[in-house]
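Quick note: numbers below take in every heavy atom, side chains included, and nothing from hydrogens, waters or symmetry partners. Chain letters run A, B, ... following the sequence lines, proteins first, then strands; residues in each count from 1.
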Number of protein chains: 2
Amino acid sequence: MDLSIGELSRRAAVKVPTIRYYEQIGLMPETGRTEGKQRRYGRMAVARLAFIRHARELGFEVDAIRTLLSLQDNPDQSCARADEIAKARLVEVEKRISSLKALRKELRKMVEECACGRVGECRVIETLADRTHAHGKLAAS
Amino acid sequence: MDLSIGELSRRAAVKVPTIRYYEQIGLMPETGRTEGKQRRYGRMAVARLAFIRHARELGFEVDAIRTLLSLQDNPDQSCARADEIAKARLVEVEKRISSLKALRKELRKMVEECACGRVGECRVIETLADRTHAHGKLAAS
DNA sequence: GTAGTGTCTCTAGTGGCTAGAGGTTCAAGA
DNA sequence: TCTTGAACCTCTAGCCACTAGAGACACTAC
């Protein structure tokens, strides 16, 4: 081993600036350098970075990942905390799905009812302008 | 009428700093002021702000809302553009729902298989560490 | 007049990166 | 050994749509 940051980037499928960013915020440890101050990584770095990427893909926040990583580093601890984090994320995802389904319903209605004439009689615009509409939380994404 | 920004905030259900922000980025027009330079609003402001809020709740970006608002201001234009924006948003929402469903599936598997013992044999941690996992896009939210 | 609430502007911070400037180092080929 | 060119370095600023806070001024009710 003894990978450059570019090699690590390819192997873990994480962009180079993102790796440096993860080092900066302490998700990736500081690593050895060449005489010319370029970073060099070992086998563990690939695994750790892939772990982080996978966790990010599942939508875990950096703080949660920090906890998960420190659990991974201490295999004798109870995994209750990891379970808790995963469950909390699951609940979040379920909430988001149902709120997006509500959005989808409303968007579909808007789009279907639009006769595509002039704006003055456009259902899309009308629906948005309907002040009687109950307001909920903002939609992320 | 002749509402203070606080009154407008209550009526349109949008926070005061957000209203000022919308003015700053040109979503809300500049409005009249008292001698002491406090903003005063009329009836139209409530409608416009509620329109913006509703559009944000449906996840439209500020740029899209700008377009929708300018369409609303010109009722004789074709509403094809509005329809297009709404359809694009609908497609986005559908994509997000299916990607979140994939996340949910994986999270459920992690959580269900976790025997909640020591971290060393924890499925949550193991799954995250599984480097053979195919990688896709990051999950927003 | 005074108390208390509301409003003003301005700057900086959020999360998780991404982009760019301007400079240095490395590895391969001639 | 020298040269090229890609990869690397640090640092700062930008993205989105707000949100928070400081410190000062305006308005309203008593």
Side-chain angles (χ1 to χ4, degrees), chain A residues 2-28 30-41 45 49 51-69 89 92 96 135-141, chain B residues 2-28 30-41 45 49 51-69 89 92 96 135-141:
Chain A
D2 220 31
L3 309 170
S4 70
I5 198 168
E7 257 304 301
L8 175 60
S9 165
R10 270 182 292 282
R11 297 202 192 192
V14 174
K15 288 176 193 163
V16 168
T18 304
I19 298 173
R20 288 197 277 250
Y21 170 71
Y22 285 162
E23 181 184 308
Q24 197 186 308
I25 62 170
L27 270 194
M28 289 293 287
E30 288 189 23
T31 188
R33 303 272 186 138
T34 64
E35 291 216 344
K37 306 203 174 172
Q38 295 195 357
R39 290 168 181 81
R40 287 296 178 267
Y41 295 93
L49 196 48
F51 182 102
I52 295 170
R53 175 179 52 71
H54 192 178
R56 286 293 300 127
E57 281 169 6
L58 289 170
F60 290 103
E61 292 180 3
V62 164
D63 257 10
I65 298 177
R66 234 187 285 273
T67 305
L68 292 170
L69 282 168
R89 177 63 189 147
E92 266 177 40
R96 172 77 35 221
H135 53 277
K137 281 172 193 166
L138 291 184
S141 131
Chain B
D2 219 32
L3 310 169
S4 71
I5 197 169
E7 256 304 300
L8 174 60
S9 165
R10 270 183 293 280
R11 296 202 192 190
V14 173
K15 289 178 192 162
V16 168
T18 304
I19 297 172
R20 287 197 277 250
Y21 170 71
Y22 286 162
E23 181 185 308
Q24 196 185 307
I25 62 170
L27 271 194
M28 289 294 285
E30 288 190 21
T31 188
R33 304 269 186 141
T34 64
E35 292 218 341
K37 305 204 174 173
Q38 297 194 356
R39 290 166 181 83
R40 287 297 177 266
Y41 296 93
L49 195 49
F51 183 102
I52 296 170
R53 175 179 52 71
H54 192 178
R56 287 291 302 127
E57 281 168 7
L58 289 170
F60 291 102
E61 291 180 4
V62 163
D63 257 10
I65 297 176
R66 235 187 283 273
T67 305
L68 292 170
L69 281 168
R89 177 64 189 147
E92 264 176 42
R96 172 81 30 224
H135 53 277
K137 281 171 194 168
L138 290 185
S141 128

Measure the distance from [atom1] on [X] to [atom2] on [N] and round it to the nearest whole Å.
X     : N      : atom1 : atom2 : answer
A:R53 : C:dG16 : CZ    : P     : 17 Å
B:Y21 : C:dT14 : OH    : C1'   : 13 Å
B:E7  : C:dT5  : CD    : P     : 17 Å
A:I5  : D:dA7  : CD1   : P     : 13 Å
B:K15 : C:dT14 : NZ    : C1'   : 13 Å

Response to the item:
Taking every heavy atom of B:L3 against every heavy atom of B:L8, the minimum-distance pair comes out as CB-N, 4.3 Å
Discussion item. Assess whether a salt bridge exists between B:R20 and B:E23, defined as any Lys/Arg side-chain N lying under 4.0 Å from an Asp/Glu carboxylate O.
Written reply: no
Worksheet item: Is B:R96 salt-bridged to B:E92, going by a charged N under 4.0 Å from an acidic O?
Response: no
Practice prompt. If a protein heavy atom is under 4.0 Å from the base, mark B; if only from the sugar-phosphate, S; if neither, -; do that for nucleotides 23-30 of chain D going 5' to 3'.
Written response: ---SS---
Fill in: By side-chain contact (heavy atoms from CB on, under 4.5 Å) - contacts of B:E61 (at least two apart)
none
Between the protein and nucleotides 1-4 of chain D, are there any N/O to N/O pairs under 3.5 Å, and if so, what are the atom names and distances?
none

Discussion item. At less than 4.0 Å, is any side-chain N or O atom of A:R39 found next to OP1 or OP2 of D:dC8? Yes or no.
Written reply: no
Discussion item. So, OP1 or OP2 of C:dT18: does either fall under 4.0 Å of a side-chain N or O from A:T18?
Written reply: yes
Worksheet item: Starting at the 5' end of DNA chain C, which residue's closest nucleotide do you reach first, A:D63 or B:R33?
Response: B:R33
Worksheet item: Of B:Q24 and B:G6, whose closest DNA chain C nucleotide lies nearer the 5' terminus?
Response: B:G6
